Amino acid sequence: QVQLVESGGASVQAGGSLRLSCVVSGYTYSSRCMGWFRQASGKEREGIALSGGTTYYADSVKGRFTISQDNAKNTVYLQMSSLKPEDTATYFCALKATWYCSKRASDYAYWGQGTQVTVSS
């Protein structure tokens, strides 16, 4: 059974930093794309950082967020800096069972429960 568990969400001031973690268990194949998505209230879920055969960042986070993976710990991180109030959302990690990364949430079969990030001005 594949499980993804996120942690690290918090309330921070604008300009601050956070690191989100996603521990993956039950998936033993090397071929995968890991993605970080976020969903703000009343908005669709959007892919913001993807890591597989390629690395992708949404324009809204490019230069401020970094996705990385620690294969020994089976953990994916999202380092977020220069946070803005518009970054406020629930953040999810997701796994797609191929190297090919997609920006569409519907292409990801496995999801974590989400972690809340709130950025105040």
Side-chain angles (χ1 to χ4, degrees):
Q1 181 181 358
V2 179
Q3 288 190 317
L4 284 67
V5 179
E6 304 103 333
S7 62
S11 295
V12 298
Q13 297 277 346
S17 298
L18 280 176
R19 188 178 78 161
L20 305 183
S21 300
C22 173
V23 178
V24 182
S25 61
Y27 188 86
T28 58
Y29 304 102
S30 60
S31 177
R32 70 184 191 186
C33 174
M34 295 302 305
W36 282 98
F37 289 74
R38 69 184 181 187
Q39 187 165 19
S41 180
K43 295 189 177 181
E44 291 187 357
R45 192 170 297 190
E46 63 167 335
I48 57 169
L50 311 173
S51 176
T54 58
T55 303
Y56 161 85
Y57 294 98
D59 288 343
S60 58
V61 307
K62 199 173 293 182
R64 300 187 299 122
F65 290 11
T66 302
I67 186 171
S68 62
Q69 300 193 45
D70 184 333
N71 292 330
K73 296 182 179 180
N74 221 6
T75 301
V76 183
Y77 302 99
L78 184 68
Q79 179 67 47
M80 307 186 293
S81 60
S82 302
L83 284 162
K84 306 175 181 179
E86 51 263 44
D87 294 319
T88 295
T90 302
Y91 284 70
F92 300 88
C93 69
L95 186 153
K96 185 173 180 291
T98 69
W99 280 116
Y100 175 73
C101 289
S102 167
K103 291 182 284 185
R104 292 188 307 185
S106 59
D107 289 339
Y108 290 75
Y110 305 102
W111 291 85
Q113 81 286 356
T115 186
Q116 179 68 34
V117 173
T118 302
V119 184
S120 57
S121 57

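Basis for what follows: all heavy atoms, side chains included, without hydrogens, waters or symmetry-related copies. None of these values were measured; they are calculated from a predicted model.
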**Message:** If you apply the rule side chain to side chain contact (heavy atoms under 4.5 Å, CB included), what do you find for Gln116 with Thr88, and how did you get there?
**Reply:** CA-CA 8 Å; Gln116 179 68 34; Thr88 295; 4.0 Å; yes
**Request:** For Arg19 and Tyr77, test the side chains for any donor-to-acceptor distance below 3.5 angstrom and give the result as yes or no.
**Result:**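 No, because no side-chain N or O of Arg19 sits under 3.5 Å from a partner of the opposite role on Tyr77.
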**Message:** With no hydrogens and no angle check, just 3.5 Å: does a side-chain donor-acceptor pair link Thr75 and Gln69?
**Reply:** no
Any donor-acceptor pair under 3.5 Å linking the side chain of [X] with the backbone of [Y]?
X	Y	result
Arg64	Ser82	yes
Asp70	Lys73	yes
Gln3	Gly26	no

For a quick test of reading the model, state the closest non-hydrogen atom pair linking [X] to [Y] and the distance between them.
X	Y	answer
Ser17	Gln79	CB-NE2, 4.2 Å
Ala89	Arg38	CB-CB, 3.9 Å
Ser102	Asp107	OG-OD2, 2.5 Å
Glu46	Ser60	OE1-OG, 4.5 Å

**Asked** So, for Tyr108 and Tyr110, is the gap between ring centers shorter than 6.0 Å?
**Response** no
**Item:** Those residues that, when tested against Arg45, pass side chain to side chain donor-acceptor pair (under 3.5 Å) (two or more places apart)
**Value:** Gln39
Taking the side chain as everything from C-beta on, heavy atoms only, tell me whether [X] gets closer than 4.5 Å to [Y].
X	Y	answer
Val24	Leu95	yes
Val119	Gln13	no
Leu18	Leu83	yes
Thr115	Phe92	no
Leu4	Val2	yes
Tyr27	Arg32	yes
Cys101	Lys96	no
Tyr57	Leu50	no

**Request:** Give the C-alpha distance, both sets of side-chain angles, the deciding distance and a yes or no for side chain to side chain contact (heavy atoms under 4.5 Å, CB included) between Tyr56 and Ile67.
**Result:** CA-CA 9 Å; Tyr56 161 85; Ile67 186 171; over 6 Å; no
**Request:** Please determine if Lys84 and Asp87 form a salt bridge, counting it only when a charged side-chain N lies under 4.0 Å from a carboxylate O.
**Result:** no
**Message:** Apply ring-ring contact (aromatic ring centres under 6.0 Å, His included) to residues Trp111 and Phe37 and explain how you reach the verdict.
**Reply:** CA-CA 10 Å; Trp111 291 85; Phe37 289 74; 5.0 Å; yes
**Request:** Hey, could you give me each pair passing disulfide bond (SG atoms under 2.5 Å apart) that has a residue in residues 55-96? Not counting sequence neighbours.
**Result:** Cys22-Cys93
**Message:** I need the Met34 CE to Ser68 OG distance, nearest 0.5 Å.
**Reply:**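 Met34 atom CE to Ser68 atom OG measures 11.5 Å (nearest 0.5 Å).
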**Prompt:** Are Met80 and Val12 grouped together when hydrophobic residues (ILVMFWY) are joined by side-chain heavy atoms under 4.5 angstrom apart?
**Reply:** yes
**Prompt:** Can Val61 be reached from Leu78 by stepping across I, L, V, M, F, W or Y side chains whose heavy atoms are under 4.5 Å apart?
**Reply:** yes
